[in-house]
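Every value quoted in this text rests on a predicted model; they were computed, and no experiment measured them.
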Amino acid sequence: MQTPPALPSPDDPDAALAAVVALRLMADRLEAAAVASALQQGWSWAQIAQALGVSKQAAHKRLAGQVGRPPSP
């Protein structure tokens, strides 16, 4: 496994803030993909919310528009 690159110093705000933006985008993509996978595997919004450490309502409000639940068989 590769060693991740070192984070920029907060003393370099341009690089540090660019890294924050990149990390947020990556985290959002990973979260959406993981939620979509969880829904496909039959997880409930309550289970997803618990895994994310938020309320069911908060998880559904923030993520339901980003991922769609596949039709039930």
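Hydrophobic cluster of Leu25: the remaining members, joined at side-chain heavy-atom separations below 4.5 Å, are Val21, listed by chain and number.
Arg29 meets the salt bridge (charged side-chain N to carboxylate O under 4.0 Å, His left out) test with no other residue; sequence neighbours excluded.
Within the 3.5 Å criterion, the main-chain N or O of Leu63 finds no donor-acceptor partner in the side chain of Gln66.
Listed by first then second residue, pairs satisfying salt bridge (charged side-chain N to carboxylate O under 4.0 Å, His left out) with a partner in residues 8-20 number zero, not counting sequence neighbours.
Of the inter-residue distances, the one linking His60 atom NE2 with Ser55 atom OG reads 11.5 Å to the nearest 0.5 angstrom. Note that CD1 of Ile48 is 4.0 Å distant from CG of Leu39, once rounded to the nearest 0.5 Å. We find the CH2-NZ distance between Trp45 and Lys61 to be 13.5 Å, quoted to the nearest 0.5 Å.
The nearest pair of heavy atoms linking Pro10 to Ala16 is CA-CB, 4.1 Å.
Using a 4.0 Å cut-off between charged nitrogen and carboxylate oxygen, Arg24 and Glu31 do not count as a salt-bridge pair.
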